[in-house]
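Each chain gets a letter, A, B and so on, in the order the sequences are listed, and its residues count up from 1. Here the structure is a predicted model, which is why all the values come from computation and not from measurement.
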Amino acid sequence: MLPARSRLRNPGDFRDTLRQGVRCGRPSLVVHARRTPQECSRAGFIVSKSVGNAVHRNRVKRRLRHLAAHALASAPFTVDVVVRALPPAATAADLASDFDAALASALDRLAS
RNA sequence: CGAGUCGGCCGGGUGAUCGCGGCGAAAGUCGAGGAAAGUCCGGACUCCACAGAGCAGGGUGGUGGGUAACGCCCACCCGGGGUGACCCGCGGGAAAGUGCCACAGAGAACAGACCGCCCCGCGCGAGCGGGGUAAGGGUGAAACGGCGGUGUAAGAGACCACCAGCACCCCAGGUGACUGGGGUGGCUCGGCAAACCCCACCCGGAGCAAGACCAAGAAGGGCCUCGGGUCUUCGGACGCGGAGCCCGCGGACGCCGUUCGAGCGCUGCUCGCGCGAGGCGUCCGGGUAGGUCGCACGCCGCAAGGCGAAGGGGGCUGGCAACAGCUCUCGCAGAUGGAUGAUCACCGCCCGCGAGGGCACAGAAUCCGGCUUACAGGCCGGCUCGUCCC
RNA sequence: GGAGGUGUCGCCUAGUCCGGUCUAUGGCGCCCGCCUGCUAAGCGGGUUUCGGGCUUCAACCCGAUCGUGGGUUCAAAUCCCACCACCUCCG
C-alpha cells in the first residue's frame, strides 16, 4: 500500500491541494491533484460519514489507497492527490476504473 | 417423539502472491471484537496544595454475601403470572407532615342521604314537610371489611359465630429479610412517594483534547456589521476586503497589594485549612495550530537475573453459588488524515432445478470490571409438560 | 475520545418544570366562500395523519397518534427506564 511518507498528513496540505489543484469527478469519487516539488508523490483521502459506517469507510479508504499506490508510482511527475469518496463508492464495483479514469484525466490536465 | 424453558460456547477455515504499522542492526516477530458500539454506571491513572466539616445538590433502595468498586453478580425472602420447568418486580416509609385524586356521582377521605326503605305530622288524593337508616340501587379507577344469624319501625360490629385484614405481646426456627404457632385489642384504618418529603447508605471537581517535557514564533481566532464577488431551486449558500466588540501572548502607563496581605484554591453557600506576589484597567504591537512522553506488561538491577500483576487457560482446595486461595503455564496491537489490507484458488454453510449469487452485526484510540443495544448461521448441556414403549 | 442539547400537524412553534374535558395552542402555507368587472389586499369558515363504521358523495361517529419501545398511575405530550435520529462545543 502506501508508506507513511507518501501520504498527506496535515490539514494544510489537504487545503492547498483542494484549492489550487485540478479537479476531476466520477460517479463514485472526485480526484483533486496538483504538481509538487516533493521527492515523491503523496495521496490523501476524504471519506465522509455519508459513505457508511466505520467498517465501510475503512474498506473504501483501503481500496483507494491500494489503487493509488500503483497509479502514483507510474505517474510522469510528482503530484499531491486528494481523493474524496462519494456515497456510491461503498457499493461501486467499478471503483478501480473510476479512479484510474479520473486520475488519468487529472494528470493530462496537469501535464498541459 | 412433540411442545416449552433456562444456561454456556463459536462467530468460516487453509494456502499462494503483492502490500501496511510497531519492535529489531538484521533474520524475524506481533498486529481488531463479542460486542471493539451506545457512553449508561463503577474503578485505575493524571491535575486541581490536602481531598476536610456542615448545608445545599445528586445517586441507590427487600435481606445476606461476592468484589478494587458499582446502579453489576450470586443465593434467599416477599408480591404477581404460569399445570410445570421457570419468568417478572426502582421491592424502604402513606397511624411524621404537606399535597393531589380530573370527569361522573348525593358524597372522594372529614365522612356523606340522590333514589330507595322505615317512623311521625299535614292532605280526600297524587304528594309535601320533619326525622331515622349505609342492608339495597345508581356513579366511578376507587364508596369505609365478607357470608350468615340475633336484633329493629327500618337498619347498623349495636351484638354473636366463622373468615379476611391491622396493631401489640409471647413462643419456635433463621445471621437476616421473614416464616410457623398462640394470645390480646379496637371493630376495619383508601390510593399515589417513577408528587414534595422522611429514613438508611454512598458521592470533592474535572477528565488522556487529563497531564509532563522540548522546540519555534510574536502572529491570530471568534462574533457582529458594511462593501463588493461567484453560484442559486430566489429561501439562500460560499469565498474576499474594511470598521467595531470579545478572547489569548508581549510591552508601556495608571490604580490596588506584598505578614494590617490583593488575589487564588476549576459546581453553589458557610466554616476550616492552605497557596500566595502579583492582580485590575487603558493604549500599542502582533499568529503558533509542531514534536516526544503519557502509551501497552510494570518495577528493581550495569548485567545475569529477581519481584509483582482487578489478564487468559489447566489443576487442587473452600463455598449451594457469585467468588476466593494455592500452584503450573501461556500471551502481551499501539496507530495519530490514524496500520491490521487487496487479489486468487480449494474446502465449509445458505438460496436456486440450473447457470449463478451470497456468507450476520460490525473496526481498537489511556486501560480495566459491568450494563444496554445490534447480530446470518451453528454447537453443547440442564430442567419441565404431554403422548407412546420397555 | 470526551462534554452537552433538541425531537409536537406540510414548515416554525406554545404546552412538559407542577400528570386530568389536550378530541394538542398560535403563526405561515393550503382549500372553500364573501367582496370585485378580474386579481391582490381584507373578511368568514375549514385543515395532523392513519385505520374503521361505509355504502356514490358529503356530513357525522369510533379507535390509535406528541421520535421509538417498555414501565409507574384510575389516567402520560408531561413522571421513570432503555433505544433511535439530528445538532452544538472542546487544545
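Rounded to whole angstrom, the span from the NE2 atom of His70(A) across to the C1' atom of G341(B) amounts to 12 Å. Atom CZ in Arg62(A) sits about 16 Å away from atom P in A335(B), given to the nearest Å. For the pair Leu67(A) CG and G341(B) P, the interatomic distance rounds to 16 Å; values are reported in whole Å. Per the geometry, CG belonging to Asn53(A) stands 9 Å off P belonging to C361(B), to the nearest Å. If you measure from atom CZ of Arg59(A) to atom P of A342(B), you get 7 Å, rounded to the nearest angstrom. At whole-Å resolution of the value, CG in Asn58(A) and P in G31(B) are 19 Å apart. Separating the CD1 atom of Ile46(A) from the C1' atom of G338(B) is a distance of 15 Å, rounded to the nearest angstrom. For the pair Leu95(A) CG and A342(B) C1', the interatomic distance rounds to 12 Å; values are reported in whole Å.
Here A339(B) is the nucleotide among G337(B), A342(B), A339(B) with the atom lying nearest to any side-chain atom of Arg65(A).
Looking at Asn58(A), its side chain never comes within 3.5 Å of a backbone N or O of Lys61(A) through a donor-acceptor pair. Using modelled atom types, one side-chain atom of Arg109(A) and one backbone atom of Arg23(A) make a donor-acceptor pair closer than 3.5 Å.
When every heavy atom of Val47(A) is checked against every heavy atom of Arg57(A), the shortest pair comes out as O-CD, 3.7 Å.
In this structure, G254(B) forms a base pair with C280(B), meeting either the Watson-Crick or the G-U wobble geometry with both donor-acceptor distances under 3.5 Å. G63(C) is paired with C50(C) under the Watson-Crick or G-U wobble criterion, all donor-acceptor distances under 3.5 Å. Searching all strands for a Watson-Crick or G-U wobble partner of C117(B) with both distances below 3.5 Å returns G132(B).
Cation-pi geometry between Arg35(A) and Phe77(A) is met: under 6.0 angstrom from the ring centre, within 45 degrees of the axis.
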